[in-house]
Amino acid sequence: MSLCKDTLGDTGKKSRAVCGVCSRTYRDPKILPCLHTFCADCIRQLEPFSVRRVNGERRSPEDDMQGRNSGSTILCPECDSEVDLPPSGVDGLTIDHLALDEVFAETLLVDCRVLCDLCSESDAGKRCEVCCVNLCDFCSQAHRLRQKRTTSHSIQSLQELKSQGRLTRPVLCSLHPGQELRLFCESCDFTVCLECAATFHRDHHCSSAHEVISHHGDRIRDLVVRSLRPHLARLEDSLRRVDTSQEVLQARTDTLAGEIRAFARSYASAVKAHCCSLLRSLEDLRLQRRNQLHLQKAQLQQALSDIRGGVDFAERLLTCGSDAEILSAKGVTMRRLMNLSAGEVQGFPVVGVVHAKTVDPSKCTIQGEGVEGGREGQRGEFTLLCRDSSGEQMGRGGDPVLVSIVHKERKGCSVEAAGGCGGDGSYGVSYTPAEAGLYSVCCVVKAQDVKGSPFVLNVKRKFRCHRGIFHCCSFCSSGGTKEARCGCTGTMPGGFQGCGHGHTGHPGKPHWSCCGSVVEASECILHNLGSVSPRGHLRTVEL
């Protein structure tokens, strides 16, 4: 069509008609899944990024190169994204018709020779708006006067069209040359020509591209407006916050460094050494925060670049593309936009506050009911509060904490302590002792004992519940049964084995039949089990 050179001028701005790999005018431009366009030959020359399995067989990079990258994964030269090529290879990628339009438009804008599309001999001076072909003067008259079906076509001067900035080209079928893609197969989600619809898509639902463009175009537009545009705004705001945080970090660093130097100058050589130590600590902290901000900025810039590229391509497709062009690129565009709208980059934390608290083990404290004492077989808990040198709670976790609980008399007896960080500088510790006795509890932070550590934990034996009943006497509770016994020392004449009111040994008040304790809410002491029959106790309990 044109005899122009590959590079179209030196305007200082990247041309949409030039490939980003070879820096020449597009030749057979293909759209990658990340919506970046390159020449088909340039994509074939890219080395496979990873080894993939095709039909269960392992493929090497050499095999992929010989198969023209069919079914392989490559890195996009523009955004470094990993993109998968279709099984048919580069030929299976979507053609970028917008790029072809840009090539033709720039061909007209540059002072180059344009040949007639019909005779290919004379210079073209006019263009048919219906057929989208360039015509010389002779072919223009023949096109307008000698053919009945083209007599009504609108023919304009190429010089006039150059000022309009863009020309549309017909999107032709790759299977039937000369046939324009005017239909859209809903079943296959693909643009077809009339012959394709009559042969390969005979039983499918095919509609005119003009009828379905509003529906599919609105879907792309909704993804851009409702999902990606808000993402774009949030990413730009996060980038601004990161830049602001970097400025604040540098300003605070400079201010603090000046104060430290002014303070150090008023002291002797010993204080100057301390000043150098503080400056080194400050510089380490600044470098750490700066590296975090640089990493976050790089992540945000990459996400912003991906979404911006997708939005620009989609908006340009909707604004400049014809119906067939939009539908032709709809599949790859929708997949990319939906991936970008999945919210993979939401919630980036903004780092911009210098926090340099250090835990001081001598200021850390231990509190809770589990410090006072415990009971055999029961869970006990206490809390370790980490504080800095000023006595303030740290407000964050992550410090190395170690808790050990060991029996003081039986060295082989220890209790496993379980703990968890609350995220605010507090550490909850729980334990369940298996034996009674005195235990030594050590709480260590950063290899140093905290305040009050080690301390003695008194674990009492397991609480023993009463097995009898709380009664006035065994005579009354058993209904006068002679065999009923009681844990108290009371006796009755007449062959009764238990106690009775006013008789010898009766406590004079209600008591437990199992041990004789006169306190109802008490632990069973079982002080006289040797003289009381278990059978009598059980019978009293049942009665």
Inset, instruction - Could you grab the distance from atom CG of Leu239 to atom CG of Leu304, nearest 0.5 Å is fine? - result: 6.0 Å
Inset, instruction - Give a yes or no on whether a salt bridge exists between Glu523 and Lys460, defined as a side-chain N under 4.0 angstrom from a carboxylate O. - result: no
Inset, instruction - Taking all non-hydrogen atoms of both residues into account, name the closest pair between Leu35 and Thr333 and its distance. - result: CD2-CA, 3.8 Å
Legend entry - Qualifying residue, where the test is side-chain contact (heavy atoms from CB on, under 4.5 Å) with Met394 and the options are Leu385, Asp388, Thr358: Asp388
Inset, instruction - Measure from the side-chain N and O atoms of Ser513 to the backbone N and O of Ile469, and report whether any donor-acceptor pair falls under 3.5 Å. - result: yes
Inset, instruction - Measure the shortest side-chain to side-chain distance between Tyr439 and Tyr431 over non-hydrogen atoms and say whether it is less than 4.5 angstrom. - result: no
Inset, instruction - Output the distance between atom CG (Leu278) and atom CG (Leu282), rounded to the nearest 0.5 Å. - result: 8.5 Å
Inset, instruction - To the nearest 0.5 angstrom, please state how far the CZ atom of Phe475 sits from the SG atom of Cys499. - result: 11.0 Å
Inset, instruction - Considering only NZ, NE, NH1 and NH2 on the basic side and carboxylate oxygens on the acidic side, decide whether Lys330 and Asp189 come within less than 4.0 Å. - result: yes
Inset, instruction - Would you check if the side chain of Thr481 reaches a backbone N or O of Ser478 as a donor-acceptor pair within less than 3.5 Å? - result: yes
Legend entry - Qualifying residues under side-chain contact (heavy atoms from CB on, under 4.5 Å), relative to Arg226, sequence neighbours excluded: Asp222
Legend entry - Side-chain (Ser522) to main-chain (Val519) donor-acceptor, under 3.5 angstrom: yes
Inset, instruction - Please round to the nearest 0.5 Å and tell me the distance separating atom CD1 of Ile366 and atom OG of Ser453. - result: 5.5 Å
Legend entry - Pairing of Asp312 and Arg316 as salt bridge, 4.0 angstrom limit: no
Inset, instruction - Write down the atom of Pro230, the atom of Val225, and the distance for their closest heavy-atom approach. - result: CD-O, 3.3 Å
Legend entry - Side chains of Cys76 and His36 in contact at under 4.5 Å (non-hydrogen atoms): yes
Inset, instruction - Take atom OH of Tyr427 as the centre, draw a 6.0 Å sphere, and report whether it contains more than 12 heavy atoms from other residues, nucleotides or ligands. - result: yes
Inset, instruction - Would you confirm whether Arg375, through its side chain, and Arg461, through its main-chain N or O, come within 3.5 Å as a donor-acceptor pair? - result: yes
Inset, instruction - Drop me the distance from Asp84's CG to Thr73's OG1, to the nearest 0.5 angstrom. - result: 4.0 Å
Legend entry - Side-chain donor-acceptor pair present, Asp360, Ser389, cut-off under 3.5 Å: no
Legend entry - Pair Asp243 + Arg240: basic N to acidic O under 4.0 Å: no
Inset, instruction - Spell out, as yes or no, whether a donor-acceptor pair under 3.5 Å connects the side chain of His466 to the backbone of Gly468. - result: no
Inset, instruction - Measure across Phe470 and Ser517 and return the closest heavy-atom pair with its distance rounded to 0.1 Å. - result: CE1-O, 4.1 Å
Legend entry - Salt bridge flag under 4.0 Å for residues Arg308 and Glu315: no
Inset, instruction - Answer yes or no: is there an ion pair linking Arg379 with Glu381, defined by an N-O contact shorter than 4.0 Å? - result: yes
Legend entry - Contact check, side chains of Leu75 and Ser81, non-hydrogen atoms, under 4.5 Å: no
Inset, instruction - Show your reasoning for whether side chain to side chain contact (heavy atoms under 4.5 Å, CB included) applies to Cys364 and Val359. - result: CA-CA 8 Å; Cys364 299; Val359 64; 3.7 Å; yes
Legend entry - Shortest non-hydrogen separation from Leu318 to Gly217 and the atoms involved: CD2-O, 3.9 Å
Legend entry - Electrostatic pair Arg44-Asp41, nearest N-O below 4.0 angstrom: yes
Inset, instruction - Begin with the C-alpha distance, continue with both residues' side-chain angles, and end with the deciding distance and a verdict on side chain to side chain contact (heavy atoms under 4.5 Å, CB included) for Val456 and Lys408. - result: CA-CA 9 Å; Val456 178; Lys408 295 192 69 174; 3.9 Å; yes
Inset, instruction - Answer yes or no: is there a donor N or O on one side and an acceptor on the other, between the side chain of Trp512 and the main chain of Cys524, under 3.5 Å? - result: no
Inset, instruction - Please report the shortest heavy-atom distance between Val332 and Pro33, naming the atom on each side. - result: CG2-CA, 3.8 Å
Legend entry - Distance-only side-chain donor-acceptor flag, Gln250 / Asp254, under 3.5 Å: yes
Inset, instruction - Kindly indicate, with the supporting measurements, whether the criterion side chain to side chain contact (heavy atoms under 4.5 Å, CB included) is fulfilled by Thr383 and Val429. - result: CA-CA 6 Å; Thr383 303; Val429 181; over 6 Å; no
Legend entry - Counterpart residues, salt bridge (Lys or Arg N to Asp or Glu O under 4.0 Å), relative to Arg387 (two or more places apart): none
Inset, instruction - Look at the aromatic rings of His506 and His511 and report parallel, tilted or perpendicular, splitting at 30° and 60°. - result: perpendicular
Legend entry - Side chain proximity check, Cys22 to Cys39, heavy atoms < 4.5 angstrom: yes
Legend entry - Least distance between heavy atoms, Val459 atom then Glu435 atom: CG1-O, 3.6 Å
Inset, instruction - Using atom types as modelled and distance alone, determine if a side-chain donor or acceptor of Asp237 lies under 3.5 Å from a backbone N or O of Ala233. - result: no
Inset, instruction - Applying side chain to side chain contact (heavy atoms under 4.5 Å, CB included), run through Phe455 and Cys442 and close with a yes or a no. - result: CA-CA 7 Å; Phe455 64 91; Cys442 295; over 6 Å; no
Legend entry - From Glu283 atom CD to Ser281 atom OG, the distance as rounded to the nearest 0.5 Å: 10.5 Å
